[in-house]
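Here is the structure we will look at, set down as structure tokens.
The structure presented is a predicted model; accordingly, all values stated were derived computationally and were not measured.
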Amino acid sequence: MAKKWYVLHTYSGYENKVKRNIEHRIDALGCGDKIFDIQIPSEEIVEIRDGGRRVTTDKKIFPGYVLVRMDLDDASWSVVRNTPGVTGFVGAQGKPTPLSRDEYNKIMKHTDVTVPKKTSSNLEVGMSVKVISGALSEFDGTVSEVNPEAGKVKVLVSIFGRETPVELSYDQITRL
């Protein structure tokens with residue numbers, strides 16, 4: 001049998017626990033020759049908190065799902081299926097359906113460390129902000145555009161009585 005990736009459905013929030021439980025069951029039941037790898041697709045997100053503090057968090061791409069690479073037979077199916085926290089395999093009519101290589105690659109490309117980290121903030125268009133660093137420090141403005149991929153925000157700052165758009169990074173501003 002070929003080693004293939006299968007998708008497990010788990011209780012949401014139990015993904016890491018399910019991974020550890022499967023690893024323990026592999027050791028205890030001697031299934032290391034049938035179950036080879038367990039992945040929880042996630043990506044690093046840089047969140048900008050109040051005051052411009054950057055916090056890196058790990059966000060699950062598919063909460064409630066875990067990927068398992070295995071040779072599927074009755075024994076390996078039983079080990080995985082009867083793991084606490086696992087509600088079942090993803091597939092038609094209750095039969096586990098393996099992922100194609102292309103599907104697996106699409107899912108896992110988000111976990112690649114060479115991919116730029118996404119930036120998340122609680123900033124929204126129309127929100128009032130204060131510039132806290134740079135040449136326009138201490139100016140107040142209004143958010144006109146948010147670009148989370150670049151970690152940038154366009155702020156309309158009133159300079160000499162005119163609204164002037166300025167591009168700033170998340171850590172250069174704070175909410176009012």
Side-chain angles (χ1 to χ4, degrees), residues 5-23 37-69 84-91 97-176:
W5 285 100
Y6 294 88
V7 180
L8 298 178
H9 189 265
T10 69
Y11 296 124
S12 190
Y14 281 74
E15 300 87 359
N16 293 328
K17 191 171 192 141
V18 164
K19 180 179 179 178
R20 283 192 306 276
N21 286 341
I22 292 173
E23 289 167 348
D37 196 5
I38 305 160
Q39 296 287 325
I40 302 169
S42 61
E43 61 185 340
E44 283 189 349
I45 303 280
V46 177
E47 292 184 84
I48 307 299
R49 303 270 168 89
D50 289 336
R53 241 179 356 111
R54 290 178 172 263
V55 178
T56 303
T57 57
D58 209 31
K59 181 181 176 208
K60 290 174 182 57
I61 298 170
F62 300 109
Y65 293 93
V66 174
L67 304 181
V68 178
R69 187 171 185 223
V86 173
T87 59
F89 281 88
V90 173
T97 304
L99 292 174
S100 68
R101 175 51 74 183
D102 192 41
E103 290 171 322
Y104 174 79
N105 289 340
K106 281 181 185 173
I107 291 169
M108 296 308 288
K109 83 172 183 184
H110 295 286
T111 66
D112 188 356
V113 292
T114 61
V115 173
K117 295 178 186 171
K118 286 188 179 175
T119 305
S120 169
S121 77
N122 51 4
L123 297 172
E124 297 174 10
V125 172
M127 188 176 279
S128 295
V129 295
K130 179 185 230 39
V131 180
I132 57 173
S133 69
L136 299 173
S137 179
E138 299 304 313
F139 277 83
D140 293 343
T142 306
V143 175
S144 66
E145 206 175 296
V146 180
N147 185 348
E149 286 78 27
K152 300 278 185 184
V153 64
K154 251 190 199 152
V155 177
L156 295 175
V157 179
S158 181
I159 303 174
F160 306 120
R162 297 178 72 193
E163 294 272 293
T164 306
V166 181
E167 187 173 89
L168 302 165
S169 62
Y170 286 166
D171 59 354
Q172 289 182 283
I173 59 173
T174 188
R175 291 178 16 183
L176 286 178

- [ ] Might you work through the side chain to side chain contact (heavy atoms under 4.5 Å, CB included) test for I159 and L136, ending with a clear yes or no?
- [x] CA-CA 9 Å; I159 303 174; L136 299 173; 3.9 Å; yes
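- Using modelled atom types and a 3.5 Å distance limit, the side chains of D37 and Q39 yield a donor-acceptor pair.
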- [ ] Would you check, one step at a time, whether the test side chain to side chain contact (heavy atoms under 4.5 Å, CB included) holds for L123 with I173?
- [x] CA-CA 10 Å; L123 297 172; I173 59 173; 3.6 Å; yes
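- When every heavy atom of V18 is checked against every heavy atom of V86, the shortest pair comes out as CG1-CG2, 3.6 Å.
- No more than 12 heavy atoms of other residues, nucleotides or ligands sit less than 6.0 Å from atom OH of Y14.
- When all heavy atoms of P41 and I107 are compared, the closest pair comes out as CG-CG2, 3.6 Å.
- Atom OG of S128 and atom CZ of R175 lie 10.5 Å apart (nearest 0.5 Å).
- The aromatic rings of H9 and Y65 stand perpendicular to each other, their planes meeting at an angle above 60°, with 30° marking the opposite boundary.
- Side-chain contact between E124 and V143 is absent, with no heavy atoms from C-beta onward closer than 4.5 Å.
- Here the straight-line distance linking atom OH of Y6 with atom CZ of F89 works out to 8.0 Å at 0.5 Å rounding.
- Atom CD1 in I132 sits 5.5 Å away from atom OG1 in T174 (nearest 0.5 Å).
- Among all heavy-atom pairs drawn from E163 and S158, the shortest one is OE2-CB, 4.0 Å.
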Task: From CA spacing to verdict: side chain to side chain contact (heavy atoms under 4.5 Å, CB included), K106, E103 - done: CA-CA 5 Å; K106 281 181 185 173; E103 290 171 322; 5.8 Å; no
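- Closest heavy-atom contact between T10 and T87: N-OG1, 4.0 Å.
- The backbone N or O of N21 lies less than 3.5 Å from no partner atom in the side chain of E23, so there is not a single donor-acceptor pair.
- Partner of K19 under the side-chain contact (heavy atoms from CB on, under 4.5 Å) criterion, chosen from L67, I40, L8: I40.
- Across all non-hydrogen atoms, the minimal contact from S133 to V131 is O-CG1, 3.3 Å.
- Between the CE atom in M127 and the OG1 atom in T142 there is a gap of 11.0 Å [rounded to 0.5 Å].
- Within 6.0 Å of NZ on K154 lie no more than 12 heavy atoms contributed by other residues, nucleotides or ligands.
- What you find for E43 and D58 is that their closest heavy atoms are O-OD1, 3.5 Å.
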